[in-house]
Amino acid sequence: MTLTVYNTLTKKRESFQPLEPGKVRLYVCGVTVYDLCHVGHARSAIVFDVIYRYLKYRGYQVTYVRNFTDIDDKIIKRANEEGTDYRTIADRYIAAFHEDMDALDVLRPDLEPLATDNIDQMIHIIRRLEEKGIAYQAGSDVYFSVEKFPEYGKLSGRSLEDMMAGARVEVDPNKKNPLDFVLWKGSKPGEPAWDSPWGPGRPGWHIECSAMGNRFLGPTFDVHGGGKDLIFPHHENEIAQSEAAFGVPFVRYWVHNGFVNINNEKMSKSLGNFFTIRDILKSVHPETLRLFVISKHYRSPVDFSDEALAETERALVRLYATLEDADRRAPDTGGDPPHEKALMAQDKDLFEKSRNLPDHFRDAMDNDFNTAQAIGHLFEVQRALQRFLDSFGRKKLKGPAAFLARQAAETIQEHAKVLGLITRTPEAFSRQIRQIKIREKGLSEAQVHDLIAKRDQARKAKDFAEADRIRDQLTAMGVQLEDTPEGTRWRVH
RNA sequence: GGCGGCAUACCCAAGUGGUAAGGGAGCGGUCUGCAAAACCGUUAUUCACCGGUUCGAAUCCGGUUGCCGCCUCCA
């Protein structure tokens, strides 16, 4: 079994062979820090977080680099609007980005370099390109001459002629070819500037990834990722710069995630149809957003809506509920693990599904990170486990039965963790989700407890009319009751 | 205009030529004072449409229709 990965460069699924066996060098384009992140950014971060986790689970030693673009026109514009400097804006949104990612359980990459900490490397690459006659200075700017790189267009699958025909390119009198792109931008007075052989200026957008990739991962590295919208021109230009400068292949596998859509349209700043991560997390548990995003293959579009999120949350609640049930009813009482035969005798279906999960999970994920299929396998075990628990009525499980249930719960949890799911205890999850809902609905916990206590009294007195009246009242508030032998439980929905 | 992607049940969704995973919702039942939750049963002879290749196609090839994306900042 080998891991296969869809490579945008070849438009095929290929078996994954890193440059150096056992090690993976992974670079993902981060965000431009001029505003809060939206759900589209979350998808990219979550997708590559899962890839990062899975590669590690698969035994690779991974070096994961994700940059911050901390200097660009939008940041400068924002700084001007607020009467502050670019650094203040960049630092503020880097902090906000980290808060959002931490909330989503997105692991920190091994390195998170800033563009502005790598200006020397960028200048170095631009000089090499200049020496080779591939870059040229025009006024205070430096451009990359696309005609000097014969393979230009190989990633996005278009030729220079195709692109010329598009003719949507702005005509810039400085450019020899309208498709040439800027490597270095001379600064106007008052703009942030760095010294360079071409005078004070700042880097073009594309050069930073070439510089940081080269510096931290070497001239050729294994995986470069980002959203599909970066294929052209960003990644195309990165290839051109890097390969022209260093004469070796830049990246072995290009991996691009699909968009988050709203009403079948791409979520984006310019369309204005976006939700920020923190906005969504006001009404939805972070794990719900994670599960939602990875319920679909990473290259397909995913349509975002309240209803879709609510569906996902119901599924997640159920998964946690089964694990909680197993925890409570199949406690670890010590002793030697029973023989396989004894376990199989308890429930062949659960035993087999649970035993096969590692292989099934791995097969799914090896198939170009098919998280949707992997999640399907997780739910198969969950269902079998819940059925097994239910077959005992309300009794606690003992001996081999308890062991089997615990084992199934553990294997679910272990594999969910590779997806960054089920990372908390069921109790913590219930508490968090309840808090989110209570806050959202503006309810008071004390008030709910009070009403439940009154209803319990009425029930004890067999005054079911009164008990039902109170329950209806709670239902109207969005509180759902569940009477169990251990008392009444409640959820907000 | 150029390039690319997608179309699977009521909804979301996996499906890597060998006979349609999984989730949500609905309906019937079990449980319950009644509910809720959970469980059991049930919901695609069929994968947008038309041809073709093959013993065999949701999967491969050609065409048609519809939707989307990139070609400008964009995850």
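The basis for the numbers below is simple: all heavy atoms, side chains too, and nothing from hydrogens, waters or symmetry mates. A, B, ... follow the sequence lines: proteins, then strands. Residue 1 opens every chain.
When the P atom is used for both B:rG29 and B:rC11, the distance is 26 Å, rounded to whole Å. Only the C1' atoms considered, B:rG22 is 34 Å distant from B:rG52, to the nearest whole Å. As rounded to the nearest Å, B:rU19 and B:rA44 have C1' atoms that lie 14 Å from one another. Nucleotides B:rA21 and B:rU45 have their P atoms positioned 13 Å apart, rounded to a whole Å. Distance noted for atom C1' between B:rA25 and B:rU65: 30 Å (whole Å). The P atoms of B:rC3 and B:rU8 are separated by 26 Å, rounded to the nearest whole Å. If you take atom C1' in B:rC61 and the same atom in B:rU54, they sit 12 Å apart, rounded to whole Å. Atom name P, nucleotides B:rA58 and B:rU16: the rounded distance is 11 Å, in whole Å.
Residue contacts shown for A:K266 include a base, since a base heavy atom lies under 4.0 Å away. Within 4.0 Å (heavy atoms only), A:L230 reaches sugar-phosphate atoms of the nucleic acid but no base atom. Among the heavy atoms of the strands lying under 4.0 Å from A:H297 are primed sugar atoms or P, OP1, OP2 only; no base atom is included. Nucleic acid contact class of A:A372 (heavy atoms, under 4.0 Å, all strands): base. Using a 4.0 Å heavy-atom distance criterion, A:R318 is classed as a sugar-phosphate-only contact. Backbone-only contact: A:Q386 has heavy atoms under 4.0 Å from sugar-phosphate atoms and none from a base. Within 4.0 Å (heavy atoms only), A:K228 reaches no atom of the nucleic acid at all. Across all strands shown, A:D483 has heavy atoms under 4.0 Å from base atoms, whether or not it also approaches the sugar-phosphate. Residue A:R455 is classed as a base contact, given a heavy-atom separation below 4.0 Å to a base. Across all strands shown, A:G30 has heavy atoms under 4.0 Å from sugar-phosphate atoms exclusively, and none from any base. Across all strands shown, A:G157 has heavy atoms under 4.0 Å from sugar-phosphate atoms exclusively, and none from any base. Note on A:V260: a base of the nucleic acid sits closer than 4.0 angstrom, heavy atoms only. At a threshold of 4.0 angstrom between heavy atoms, the contacts of A:R314 are confined to the sugar-phosphate backbone, with no base atom among them.
Between the side chain of A:D390 and the base of B:rC31 there is no donor-acceptor pair of N/O atoms closer than 3.5 Å. Contact annotation: side chain of A:R383 to base of B:rG22, donor-acceptor pair absent below 3.5 Å. Applying the 3.5 Å distance criterion, the base of B:rG22 shares no donor-acceptor pair with the side chain of A:E380. Applying the 3.5 Å distance criterion, the base of B:rA75 shares no donor-acceptor pair with the side chain of A:R43. Side chain A:D229 to base B:rG69: no donor-acceptor pair is found below 3.5 Å. For a distance-only test at 3.5 Å, the side chain of A:R387 fails to qualify as a donor-acceptor partner of the base of B:rC40.
With distances taken from any side-chain atom of A:N367 to the nucleotides B:rU16, B:rA75, B:rG69, the minimum falls on B:rU16. Of the candidate nucleotides B:rA37, B:rA14, B:rG33, B:rA14 has the atom lying nearest to any side-chain atom of A:N370. Ranking B:rG23, B:rA14, B:rG33 by closeness to the A:A315 side chain, first place goes to B:rG23. When each of B:rU16, B:rG2, B:rC73 is scored by its nearest atom to the side-chain atoms of A:R13, the top-ranked nucleotide is B:rU16.
Across all strands shown, B:rA14 has no partner, as no Watson-Crick or G-U wobble contact with both distances under 3.5 Å is found. Using the Watson-Crick or G-U wobble rule with both distances under 3.5 Å, B:rU72 pairs with nothing in any strand shown. B:rC60 is paired with B:rG52 under the Watson-Crick or G-U wobble criterion, all donor-acceptor distances under 3.5 Å. Checking B:rC6 for Watson-Crick or G-U wobble geometry (two distances, each under 3.5 Å) identifies B:rG66 as its partner. Of the nucleotides present, B:rC27 is the one that pairs with B:rG41 by Watson-Crick or G-U wobble criteria, both distances under 3.5 Å. B:rA35: no Watson-Crick or G-U partner with both key distances under 3.5 Å is found in any strand.
Here A:F379 does not count as stacked on B:rG22, because the ring centres are not under 5.5 angstrom apart with planes under 30°.
Remark: P of B:rA21 and NE2 of A:H377 are 12 Å apart, rounded to the nearest angstrom. Atom CG of A:L474 is separated from atom P of B:rA35 by 18 Å (rounded to the nearest Å). The interatomic distance linking A:Y152 (OH) with B:rG2 (P) rounds to 20 Å, in whole Å. Distance A:D303 CG to B:rC11 C1': 12 Å, rounded to the nearest Å. The interatomic distance linking A:L291 (CG) with B:rA14 (P) rounds to 13 Å, in whole Å. Between A:E313 atom CD and B:rG23 atom P there is a gap of 18 Å when expressed in whole angstrom units.
With rounding to the nearest 0.5 Å, the separation of SG in A:C209 from OH in A:Y27 is 3.5 Å. To the nearest 0.5 Å, the span separating CD on A:Q382 from CG on A:L357 amounts to 12.0 Å. With values rounded to the nearest 0.5 angstrom, A:R459 atom CZ is found 11.0 Å from A:I452 atom CD1.
Across A:G226 and A:L230, no two heavy atoms sit closer than the pair CA-CD1, 4.2 Å.
Ring geometry for A:F392 against A:F388 counts as perpendicular: the plane angle is over 60°, on a 0 to 90° scale with 30° as the lower cut.
Side-chain atoms of A:R43 come within 3.5 Å of backbone atoms of A:F259 as a donor-acceptor pair (strictly under, hydrogens ignored).
Remark: A:N261 is not in phosphate contact with B:rC68, judged by side-chain N or O atoms under 4.0 Å from OP1 or OP2. Residue A:K296 places at least one side-chain N or O under 4.0 Å from the OP1 or OP2 atom of B:rA13.
For the pair A:R299 and A:Y6, the cation-pi test (distance below 6.0 Å, angle within 45°) is passed.
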Margin query: Walk me through whether A:F68 and A:H98 qualify under ring-ring contact (aromatic ring centres under 6.0 Å, His included).
Written below: CA-CA 11 Å; A:F68 282 111; A:H98 278 142; 5.6 Å; yes
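Side-chain contact between A:W254 and A:N7 is present, with heavy atoms from C-beta onward closer than 4.5 Å.
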